[in-house]
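In what follows, a single structure is set out as structure tokens and then discussed.
By convention here, the first residue in the shown sequence is residue 1. Every number for a ligand or one of its atoms is a count from 1 in the order of the listing.
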Amino acid sequence: MDVVISPMPHTAAERAGARVAEAIAANPLLVLGVATGSSPLGVYAHVRERIERHGLDVSGITCFALDEYVGLPEDHPQSYHQVIRQTVTEPWGLRADQVHVPAGTTGDPRQAALDYERDIREAGGVGLQLVGIGGNGHIGFNEPGSSLGSRTRIKTLHPRTREDNARFFGGDMDAVPIHCITQGIATILDAGHVLMIASGAGKADAVAKMVEGPVSSACPASALQLHPHTEVFIDDAAAAGLLHRDYYDFAVANADSVPGA
Ligand code: GLP
């Protein structure tokens, strides 16, 4: 993993946002995996600026969201259909048909999960996947104990996740749905390039386990250690638990100084 530590959250978001913009510029037909949560918002804002000020062309990209609540109407303000519409689709000026989110309100969510996995495959797979991390180490909604070989499926949300996300539901944990459809860990690992973005002291423990802990379903994000191209963009506070922090800084400072390269 390449761990890039920035002094402030907005610097981490700008660096990750620059990566996304570069990837779109290099491949205008990019299949981009997008995430919900507060962590990627600065990344989306940076890409929007590239679109508006620098003419970045996003008309050919396709987006796939990581997850969706089961049973929350698509027009509910906290459904991930709405969240992605408001944070990505509309600000970037994408057409609705460019953006896919798992269908959490069909009569058959299990089939919807299988269909979503197939849709990703038929789109050629995700080229660049943006992910955040839950306080308990989840990625997407792959909660602790998730199979590292999992594919898009229904999961039961962890009480910690429902507690963390209650802030989006008027502080009422009981209003947070119990089930979700999430891309699996193996689905996420299929992406060509993974960008993790996290900030704040509340993520420090999960980030340390993800980067330096054993690969274990106890911390689903640790599975990213198995991915050949994961970049982790974090701020100082989220880096607080890393044992080898100095080394990561040194590696970033020397990234472009390989003799003969
Ligand atoms: C949510 C999402 C994840 C997200 C995580 C962290 O539950 N399903 O994809 O990464 O929680 O959210 P935040 O960035 O707001 O801390």
Ligand 1 contact on Y69 by region, counting heavy-atom pairs under 4.0 Å: neither
Give the single entry among L130, T36, L66 that approaches atom 2 (C) of ligand 1 most closely by any heavy atom. T36
Numbering as shown, the atoms of ligand 1 that approach R167 to under 4.0 Å (heavy-atom distance): 15 (O)
Should one rank G140, S199, G132 by closest heavy-atom distance to atom 3 (C) of ligand 1, which comes out on top? G140
Record the part of A35 in heavy-atom contact with ligand 1 below 4.0 Å; permitted values are side chain, backbone, both and neither. neither
Protein contact to atom 12 (O) of ligand 1 [nearest heavy atom, distance to 0.1 Å]: G37 CA, 3.8 Å
S39 heavy atoms, cut-off 4.0 Å: which ligand 1 atoms fall inside? 13 (P), 14 (O), 16 (O)
Does the side chain of N142 come under 3.5 Å of the side chain of R153 through a donor N or O and an acceptor N or O? yes
Residue pair S59 / D57, side-chain donor-acceptor N/O under 3.5 Å: yes
Between atom CZ of R95 and atom OG1 of T89, what is the distance when rounded to the nearest 0.5 Å? 11.5 Å
Using 30° and 60° as the class boundaries, would you call the ring planes of W92 and Y44 parallel, tilted or perpendicular? perpendicular
Testing the 3.5 Å rule here: is there a donor-acceptor pair between the side chains of E49 and H54? no
Closest protein heavy atom to atom 16 (O) of ligand 1, given as residue, atom name and distance to 0.1 Å: K203 NZ, 2.6 Å
For a quick check under 3.5 Å, do T161 and E143 share a side-chain donor-acceptor pair by atom type? yes
Among all the protein's non-hydrogen atoms, which is closest to atom 6 (C) of ligand 1, and how far away is it? I133 O, 3.5 Å
Evaluate the criterion ring pair (Phe, Tyr, Trp, His ring centres under 6.0 Å) for residue pair F168 and Y69; output intermediate values, then yes/no. CA-CA 13 Å; F168 299 118; Y69 293 110; 9.1 Å; no
What residue and atom, counting heavy atoms only, is the protein's closest point to atom 5 (C) of ligand 1, and at what distance? H138 NE2, 3.5 Å
Contact region, T182 to ligand 1, non-hydrogen atoms below 4.0 Å, reads neither
Quick one: does ligand 1 sit under 4.0 Å from the side chain of E143, the backbone, both or neither, non-hydrogen atoms only? neither
Checking the side chain of R245 only, and the main-chain atoms of A240 only, is there a donor and an acceptor separated by less than 3.5 Å? no
protein heavy-atom neighbour closest to atom 8 (N) of ligand 1 works out as D67 OD2, 2.9 Å
Is a salt bridge present between R167 and D172, judged by a nitrogen-to-oxygen distance below 4.0 Å? no
